[in-house]
S.K.: 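A single structure is presented below for examination.
Only heavy atoms go into these numbers, but all of them, side chains included; no hydrogens, no water, no symmetry mates. Residues take their numbers from the sequence shown, with the count starting at 1. Just so you know, these numbers come straight off a predicted model, no measurement behind them.
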Amino acid sequence: MTTATKKKLVQWDPTDVKEELLKKYPPKVARKRAKQILINEALENETPEIQANVRTIPGIITMRGCTYAGCKGVIMGPTRDIVNLVHGPIGCSFYAWLTRRNQTDAGPDGENYMTYCFSTDMQDSDIIFGGEKKLEKAIQEAYDLFHPKSIAVFATCPVGLIGDDIHTVTKNMKDKLGDCNVYAFSCEGYKGVSQSAGHHIANNQVFRHIVGENDEVKPGKYKVNLLGEYNIGGDGFEIDRILKKCGITNIATFSGNSTYDQFASAHTADLNAVMCHRSINYVADMLETKYGIPWVKVNFIGANATAKSLRKIAQYFGDKALIDKVEKVIAEEMPEVEKVSKDVRTRTEGKTAMMFVGGSRAHHYQELFKEMGMKTISAGYEFAHRDDYEGRHVIPSLKVDADSRNIEEIEVEPDETRFKPRKSVKQMKALEKGGFKFKDYEGLLPDMDKGTLVIDDLNQYEAERLVEIMKPDIFCAGIKEKYSIQKLGVPMKQLHSYDSGGPYAGFRGAINFYKEIDRLVNSRVWSYMKAPWQKNPQLSASYNWE
Ligand code: CFM
């Protein structure tokens with residue numbers, strides 16, 4: 001106990017760390033990066049400004065992925081009964097094939113295409129003569145083999161470069177097949193500065209081609225959609241378990257373990273609960289404008305955050321029976337969580353963490369670490385926008401640059417027959433008066449301590465320097481960072497794929513997380529390791545400006 005609570009003595013000043021990170025860059029690069037490295041001031045009502053969602057400087061080894069990854073992999077990938085057909089060279093498909101650990105349950109109908117890899121396998125000749133005919137054939141082949149309800153086509157970089165008209169091909173095939181919804185996504189990898197552009201493109205097309213297709217009223221008293229939950233490591237299964245226990249009906253998850261019909265029926269829910277704000281806020285806004293469904297931000301990462309989110313949903317519906325039920329479920333679930341957290345805290349209290357993940361987890365996971373008594377000393381997103389750092393109030397002041405202009409903004413109007421406000425103006429006002437915030441996300445910065453370092457689009461070099469200087473007890477990021485960090489002697493946890501673990505959401509997920517992090521931060525195995533080049537550098541070099 002005494003050794004566990006003893007804090008490693010590492011002294012650093014955030015200004016020095018920032019300077020150290022920038023020192024190696026040529027002046028122009030340093031100036032640009034400086035705007036993306038922020039020392040959190042935790043100012044009363046104001047949050048400091050950070051630069052985000054801008055191009056990575058060429059030559060820098062970024063942690064980001066491409067637009068195709070955000071569209072095909074992130075948003076559409078976890079939907080089990082849509083055939084996801086990639087129009088492009090085979091590498092784009094192969095790389096995206098079952099690597100994200102989004103789990104599925106084939107359900108009673110058994111329809112699940114997740115384990116397949118569909119690609120047009122473009123060759124040099126297709127690049128020269130065009131790939132439209134090949135795409136048409138591939139759609140026909142997928143249809144003949146599986147008779148799916150829907151086929152989604154994804155463009156990779158060469159498709160945009162040679163100008164294949166995938167939208168006309170899919171429209172023609174939809175008309176020809178008759179009972180299969182076929183549509184395409186212009187999500188070429190280069191389309192935006194990161195995968196974030198792919199989220200937006202996916203949101204637009206799902207809304208345009210699928211949402212609203214099924215008006216059938218589903219059973220259930222308290223109906224929600226869970227937006228921005230992708231069932232990584234089974235997170236969505238745990239959230240569904242809890243919602244079901246509370247008597248809340250989940251109409252559609254966007255998009256963990258989802259089906260075509262869930263998207264098609266999403267407009268029949270009465271509340272949108274948004275988990276990952278970055279990837280899906282567009283759908284939340286569009287569902288509100290077109291159908292009158294309000295949205296609230298929730299977070300099921302962390303046991304306390306889960307309880308808070310459930311209470312929020314219950315408060316929205318305002319029904320005493322639901323409010324009581326939610327309290328009962330929390331009271332049933334929490335004792336086990338508290339038992340485990342009390343135990344692990346004896347070994348994790350005071351330890352430090354860093355997390356650089358995507359566009360929401362670098363924020364959400366701080367909750368879990370907090371519950372273990374651990375402190376996040378530095379964090380950042382790979383591709384989030386300023387609103388994910390500073391809160392949605394900055395949206396009106398965001399600059400629209402050439403890259404963001406590249407992504408289509410669809411105009412949505414209230415549906416003539418199906419727009420139905422879920423609450424009256426009076427009810428909404430009353431909820432707001434009681435502290436309820438609709439359409440709001442306050443971002444990561446207000447939740448981080450003063451003097452912590454918040455870094456956008458962290459890169460390979462900075463990650464290593466940061467670890468060397470600040471020596472965290474654990475570093476969380478993705479597969480590209482994993483081994484270089486472990487070679488520095490620090491345990492590394494993947495917060496994208498969860499390595500081979502999970503779920504980490506909800507109550508049971510919190511328990512899994514506590515136990516795993518306890519093992520990681522208290523194991524010294526990485527610090528015993530010394531690579532040969534750490535003892536004896538085999539090669540050294542300097543930049544020509546040095
Ligand atoms: Fe949202 Fe995600 Fe994330 Fe994301 Fe992602 Fe992911 Fe992520 Mo990897 S949708 S922003 S594009 S929570 S795949 S499930 S873990 S980077 S923090």
S.K.: Would you call R241 and E333 a salt bridge, using N to O less than 4.0 angstrom?
M.R.: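 Result for this pair is yes, salt bridge flagged.
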
S.K.: Could you measure the distance from the CD1 atom of I511 to the CD atom of E338? Nearest 0.5 Å is fine.
M.R.: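 Atom-to-atom, I511:CD1 and E338:CD are 10.0 Å apart.
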
S.K.: Please determine whether a side-chain nitrogen of the Lys or Arg among R345 and E371 lies less than 4.0 Å from a carboxylate oxygen of the Asp or Glu.
M.R.: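 E371 and R345: not salt-bridged.
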
S.K.: Would you say the side chain of Q36 lies within less than 4.5 Å of the side chain of I455, judging by non-hydrogen atoms?
M.R.: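 SC-SC contact between I455 and Q36 ruled out.
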
S.K.: Please determine whether ring-ring contact (aromatic ring centres under 6.0 Å, His included) holds for the pair F383 and Y381, giving the CA-CA distance in whole Å, both sets of side-chain angles, and the decisive distance to 0.1 Å.
M.R.: CA-CA 6 Å; F383 51 75; Y381 298 124; 8.0 Å; no

S.K.: Pick from D285, D440, N281: which one makes a side chain to side chain donor-acceptor pair (under 3.5 Å) with W295?
M.R.: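 Only match with W295 under side chain to side chain donor-acceptor pair (under 3.5 Å): D285.
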
S.K.: With a 6.0 Å cut-off on ring centres, are Y68 and Y95 close enough?
M.R.: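 Between Y95 and Y68, which both carry aromatic rings, the centre distance is not below 6.0 Å.
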
S.K.: Measuring only between side-chain heavy atoms, which start at C-beta, is H496 closer than 4.5 Å to E382?
M.R.: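 Yes, their side chains come closer than 4.5 Å.
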
S.K.: Answer yes or no: is there an ion pair linking K221 with D319, defined by an N-O contact shorter than 4.0 Å?
M.R.: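 Yes, K221 and D319 are salt-bridged.
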
S.K.: Mind telling me whether H277 and Y441 have parallel, tilted or perpendicular rings, with 30° and 60° as the class edges?
M.R.: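 Taking H277 first and then Y441, their aromatic rings sit tilted (interplane angle of 30° to 60°).
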
S.K.: Are I232 and R100 close enough that some pair of their side-chain heavy atoms sits under 4.5 Å apart?
M.R.: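 Touching, per the 4.5 Å side-chain cut-off.
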
S.K.: Is there a side-chain contact between W97 and T115, using heavy atoms and a 4.5 Å cut-off?
M.R.: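 No, side chains not in contact.
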
S.K.: Test your reading of the model: is there a side-chain donor-acceptor pair from E238 to the backbone of G506, 3.5 Å cut-off?
M.R.: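 Not a single qualifying donor-acceptor pair exists.
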
S.K.: Can you check whether M448 reaches V454 side chain to side chain, under 4.5 Å on heavy atoms?
M.R.: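 Contact flag for M448/V454 side chains = yes.
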
S.K.: Apply side-chain hydrogen bond (donor to acceptor under 3.5 Å, both in side chains) to Y230 and S279, showing your working.
M.R.: CA-CA 10 Å; Y230 301 93; S279 62; 2.7 Å; yes

S.K.: I'd like to know if K308 pairs up with E367 as an ion pair, taking the criterion as any Lys NZ or Arg NE/NH1/NH2 lying under 4.0 Å from an Asp or Glu carboxylate oxygen.
M.R.: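 Result for this pair is no, no salt bridge flagged.
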
S.K.: Salt-bridge test for K320 and D324: reply yes if a basic N is under 4.0 Å from a carboxylate O, no otherwise.
M.R.: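 Salt bridge between K320 and D324, a charged N being under 4.0 Å from a carboxylate O: yes.
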
S.K.: Short question: side chain of S360, backbone of C276 - any donor-acceptor pair under 3.5 Å?
M.R.: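 No, S360 side chain to C276 backbone: no donor-acceptor pair under 3.5 Å.
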
S.K.: Would the distance check show the side chain of T452 and the main-chain N or O of D449 forming a donor-acceptor pair, the cut-off being under 3.5 Å?
M.R.: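 Judged by distance alone, yes, a pair lies under 3.5 Å.
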
S.K.: Relative to the ring of H147, is the ring of Y143 parallel (under 30°), tilted (30 to 60°) or perpendicular (over 60°)?
M.R.: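 Perpendicular: the ring planes of Y143 and H147 meet at over 60°.
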
S.K.: Please confirm whether the backbone N or O of D518 pairs with a side-chain atom of N522, one donor and one acceptor, at under 3.5 Å?
M.R.: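 Indeed, once roles are kept as given, a pair shorter than 3.5 Å links the two residues.
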
S.K.: Is any side-chain heavy atom of Y282 closer than 4.5 Å to a side-chain heavy atom of M286?
M.R.: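 In short, these two side chains touch, coming nearer than 4.5 Å.
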
S.K.: Evaluate whether atom NZ of K429 has more than 12 neighbouring non-hydrogen atoms of other residues, nucleotides or ligands under 6.0 angstrom away.
M.R.: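 Not buried by this count: 12 neighbours or fewer within 6.0 Å.
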
S.K.: Identify whether the distance between the nearest side-chain nitrogen and carboxylate oxygen of R64 and D457 falls below 4.0 Å.
M.R.: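 Looking at R64 and D457, the cut-off is met.
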
S.K.: For the backbone of N84 and the side chain of K72, can you confirm whether one donor and one acceptor N or O come within less than 3.5 Å of each other?
M.R.: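 No: the side chain of K72 does not pair with the backbone of N84.
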
S.K.: Between F369 and F513, how do the two ring planes meet: parallel, tilted or perpendicular, split at 30° and 60°?
M.R.: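 It falls in the perpendicular class, over 60°.
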
S.K.: One thing to verify: whether R422 and D270 come together as a salt bridge, which I'm taking to mean a side-chain N less than 4.0 angstrom from a carboxylate O.
M.R.: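 Yes, charged N to carboxylate O under 4.0 Å.
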
S.K.: Check step by step if ring-ring contact (aromatic ring centres under 6.0 Å, His included) holds for F146 and F118.
M.R.: CA-CA 12 Å; F146 298 102; F118 298 92; 5.6 Å; yes

S.K.: So do the side chains of I301 and R361 get within less than 4.5 Å of each other, counting heavy atoms only?
M.R.: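 I301 vs R361: side chains apart.
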
S.K.: Are the side chains of F317 and L271 in touch, meaning some heavy atoms are under 4.5 Å apart?
M.R.: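 In short, these two side chains touch, coming nearer than 4.5 Å.
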
S.K.: Is a salt bridge present between E332 and K245, judged by a nitrogen-to-oxygen distance below 4.0 Å?
M.R.: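 Answer for the salt bridge query: yes.
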
S.K.: Could you check whether E413 pairs with K290 (Lys NZ or Arg NE/NH1/NH2 to Asp/Glu carboxylate O, under 4.0 Å)?
M.R.: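 K290 and E413: not salt-bridged.
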
S.K.: Starting at CG of N53, measure out to OG of S404 and round the result to the nearest 0.5 Å.
M.R.: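 Those atoms lie 6.5 Å apart.
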
S.K.: Could you tell me whether a side-chain N or O of D388 sits under 3.5 Å from a main-chain N or O of H385, the two making a donor and an acceptor?
M.R.: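 Present.
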
S.K.: Looking at R101 and D499, does any basic side-chain N land under 4.0 Å from a carboxylate oxygen?
M.R.: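 So R101 does not pair with D499 through a salt bridge.
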
S.K.: Just by modelled atom types, is the G236 backbone N or O under 3.5 Å from a matching donor or acceptor in the N231 side chain?
M.R.: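 Pair found, side chain donor or acceptor close to backbone of G236.
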
S.K.: May I ask you to say whether E49 pairs ionically with R386, meaning some side-chain N is under 4.0 Å from a carboxylate O?
M.R.: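 Answer for the salt bridge query: yes.
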
S.K.: Please check: side-chain N/O of S194 versus main-chain N/O of S196, any donor-acceptor pairing under 3.5 Å?
M.R.: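 Judged by distance alone, yes, a pair lies under 3.5 Å.
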
S.K.: In plain terms, say whether E111 and K149 are close enough for a salt bridge, that is, a side-chain N and a carboxylate O under 4.0 Å apart.
M.R.: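 Yes.
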
S.K.: Would you find a donor on one side and an acceptor on the other, under 3.5 Å apart, between the side chain of T104 and the backbone of N257?
M.R.: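 Side chain of T104 to backbone of N257: no pair is present.
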
S.K.: Might you work through the side chain to side chain contact (heavy atoms under 4.5 Å, CB included) test for C246 and Y222, ending with a clear yes or no?
M.R.: CA-CA 10 Å; C246 293; Y222 313 109; over 6 Å; no

S.K.: Got a donor-acceptor contact below 3.5 angstrom from the D473 side chain to the K351 backbone?
M.R.: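 Judged by distance alone, no pair lies under 3.5 Å.
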
S.K.: Under the ring-ring contact (aromatic ring centres under 6.0 Å, His included) test, which residues partner H209, sequence neighbours left out?
M.R.: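 Checked H209 against ring-ring contact (aromatic ring centres under 6.0 Å, His included); matches are Y183.
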
S.K.: Parallel, tilted or perpendicular: which describes the rings of F185 and F154, with under 30° parallel and over 60° perpendicular?
M.R.: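 The rings of F185 and F154 lie parallel, inter-plane angle below 30°.
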
